[in-house]
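Take a look at the structure set out below.
Residues: numbered from 1 along the sequence shown. One-based numbering, in listed order, for ligands and for the atoms of each.
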Amino acid sequence: MNIRQQALETLLKINYDGAYSNLEIKKTLSENPMKDEDRRLFLNLVYGCLQNQIYLDYIIKQHSSRPVNKLHKEVSEILRIAIYQLYFLDKIPNYAIVNESVNLAAAVQPQAKGFINGVLRNIMRKIEKDGKEFKFENWKNEKEALSVRYSVPLWIVHKYYETYGKLEAESIIPLLNEKPPFTIRCNTLKTSRQDLIENFEKLGVEAVPGTLSPQAIQLNNLGVFENNIEDTFLYKEGFFVIQDQAALLTVERLNPKPGQRVLDMCAAPGGKTTYLSQLMNNEGEIIGRDIFPNRLKLIRQAMRRLDCSNILLEEQDGCEFLARDKESFDKILLDVPCTGLGVIRRKPEIKYHGTKEGRKDLVKIQSTLLENAVNYLKPGGELLYSTCTINKDENENQINKLLLKFPELKVIPDKNDKAYTYTSPLMDSSDAFFMCLLKK
Ligand SMILES: C[S@@+](CC[C@H](N)C(=O)[O-])C[C@H]1O[C@@H](n2cnc3c(N)ncnc32)[C@H](O)[C@@H]1O
């Protein structure tokens, strides 16, 4: 199978079978070893098409007699892959892109060859005439223009405006299609940030301290380690965890101390649980819970690799209250399942998946988890609530409801004196997280 067909198969699984891009891409790459250059093209096509899907469909709509949603799924994906290359890649000549696409159609949807050829030739002519620039000035509504150009559904554009305000939202939205930096957390149970930076430099990888967390490092130019950092001895020895800076901030905000009893209610895959353990220097007790046993296995593996010895794992639905744990924890981390609108850079399909109903259900689960967390907290204890979304219904609106129900709770403001902390790609390229610290 050639690279474009490989990309087509992967996109079909993500867009029509609900597969997660990161897992599906990993699976394809492990089952089909590729040369470096082919792997780069494959990744570029899959991520490029997902990131720009609304824009690509808008272009199809301008040049096709049939609407995109009436096209056969293979046909629309072949068109998206071709148009992505025509608009976003420079090295492949346009005629070669069209020929490759028609050949791909011949292999999977032969009756659509002529249609695909016709649409792509119309688009090529349009590019020759008008260029590839998106003309914002032709749009009356700035939110609609941003939605199409950066392929962010309009309802999500509205959420970014609501949460960050016009100026910041307009700066953040274009960044949602950028590749996030490769960020790691130094595991100080085994090494120091300075030593780790020097070790990476010996491997020829530029390592720069992150500016948001004292344990964060950004790795630039991974070079030969681009796709196999987990094979390095630095990883196998447990010197670091791959983790975004915003995730580190949540744990640092909770600030667990050695000797405390700490609960992590939604712990898998354990990035934050193991950081709790690191900050507690393995002293005290952490209970890490998750509803999915297969995901708990990931924490167990991480604990072994990182030398975290004070974590007890339990399979548990956090929506069910365990009476034996009432008011028994000093600190609780509640990093809930959420819509993930703050990590679109990593999982672009998040923009298109999900329903209103599904989002309402999530809000209910989060509320129940929050109420249980408060009841698990000792008087005087602290609860850190976090999400990787920018939807207020999952964030400050949840906290406001909780404060009405538990008037004994106090919000502890952050270092900027804000009750609610939002990170964003404008802060050292971090993910967009929400966090709020509450004291009982
Ligand atoms: C945002 S992720 C947690 C990420 C984790 N804190 C980390 O940093 O690695 C949310 C987790 O909640 C778990 N989860 C979903 N519903 C749950 C429930 N009712 N009770 C407990 N865990 C749940 C999911 O399996 C998922 O692992």
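- At a heavy-atom distance under 4.0 Å, only backbone atoms of A267 (N, CA, C or O) approach ligand 1.
- For the pair L248 and L212, the minimum side-chain heavy-atom distance is 4.5 Å or more.
- For ligand 1 and V336, the ligand atoms under 4.0 Å from any heavy atom of the residue are 1 (C).
- The N/O atoms of D264, backbone and side chain alike, include none that comes under 3.5 Å of an N/O atom in ligand 1.
- Using a 4.0 Å heavy-atom cutoff, T368 is absent from the residues neighbouring ligand 1.
- Relative ring orientation between Y55 and Y87 is described as perpendicular, the plane-to-plane angle rising above 60° on a 0-90° scale split at 30° and 60°.
- Looking only at atom types and distance, the side chain of R345 has no donor-acceptor partner in the side chain of Q51 under 3.5 Å away.
- Taking the six-membered ring where the residue is Trp, F134 and W139 present parallel rings, their angle staying beneath 30° rather than reaching 60°.
- For ligand 1 and R295, the ligand atoms under 4.0 Å from any heavy atom of the residue are 25 (O), 26 (C), 27 (O).
- Ring centers of F233 and Y235: at least 6.0 Å apart, outside the cut-off.
- Between the side chains of T339 and E394, at least one donor N or O sits under 3.5 Å from an acceptor N or O.
- Atom 12 (O) of ligand 1 has C266 CB, 3.3 Å as its closest protein atom, hydrogens excluded (heavy atom only).
- Rounded to the nearest 0.5 Å, atoms CZ (R4) and CD1 (I97) are 7.5 Å apart.
- Of the heavy atoms in K272, both backbone and side-chain atoms come closer than 4.0 Å to ligand 1.
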Exercise. Can Y275 and Q215 be said to form a side-chain hydrogen bond (donor to acceptor under 3.5 Å, both in side chains), step by step?
Worked result: CA-CA 10 Å; Y275 195 24; Q215 302 314 336; 5.2 Å; no
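- In terms of polar-atom proximity, defined here as any N/O pair under 3.5 Å, I365 makes no such contact with ligand 1.
- Side-chain contact annotation: K401 with S367, donor-acceptor N/O pair under 3.5 Å present.
- Using a non-hydrogen distance threshold of 4.0 Å, Q243 does not register as a contact of ligand 1.
- Residue contact check: F292 has heavy atoms under 4.0 Å from atoms 25 (O) of ligand 1.
- Nearest protein heavy-atom neighbour of atom 19 (N) of ligand 1: D317 OD1, 2.9 Å.
- With respect to atom 2 (S) of ligand 1, the closest heavy atom belonging to the protein is A268 O, 3.9 Å.
- Looking at every heavy atom in both residues, A207 comes nearest to L219 through CB-CD2, 3.8 Å.
- At least one heavy atom of P337 sits closer than 4.0 Å to an atom of ligand 1.
- Summary of contacts: the protein heavy atom closest to atom 20 (N) of ligand 1 is G318 N, 2.8 Å.
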For this session: Begin from the C-alpha positions of E371 and K405 and carry the test salt bridge (Lys or Arg N to Asp or Glu O under 4.0 Å) through to its verdict.
Result: CA-CA 9 Å; E371 287 179 22; K405 196 151 192 180; 3.2 Å; yes
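- Relative ring orientation between Y160 and Y164 is described as parallel, the plane-to-plane angle staying below 30° on a 0-90° scale split at 30° and 60°.
- Atom 23 (C) of ligand 1 has I291 CG2, 3.5 Å as its closest protein atom, hydrogens excluded (heavy atom only).
- Looking only at distances, no side-chain donor or acceptor of N44 sits under 3.5 Å from a matching main-chain atom of R40.
- The shortest contact between atom 10 (C) of ligand 1 and any protein heavy atom is with D335 O, 3.7 Å.
- Atom numbering of ligand 1 starts at 1 in the shown order; those under 4.0 Å from a heavy atom of Q316 are 20 (N), 21 (C).
- Not a single heavy atom of R289 sits under 4.0 Å from any atom of ligand 1.
- Among all non-hydrogen protein atoms, the one lying nearest atom 13 (C) of ligand 1 is D290 OD2, 3.2 Å.
- For ligand 1, the polar-atom distance check finds no N/O of C319 at less than 3.5 Å from any of the ligand's N/O atoms.
- The contact set between ligand 1 and M265, taken as ligand atoms under 4.0 Å from a residue heavy atom, comprises 21 (C), 22 (N).
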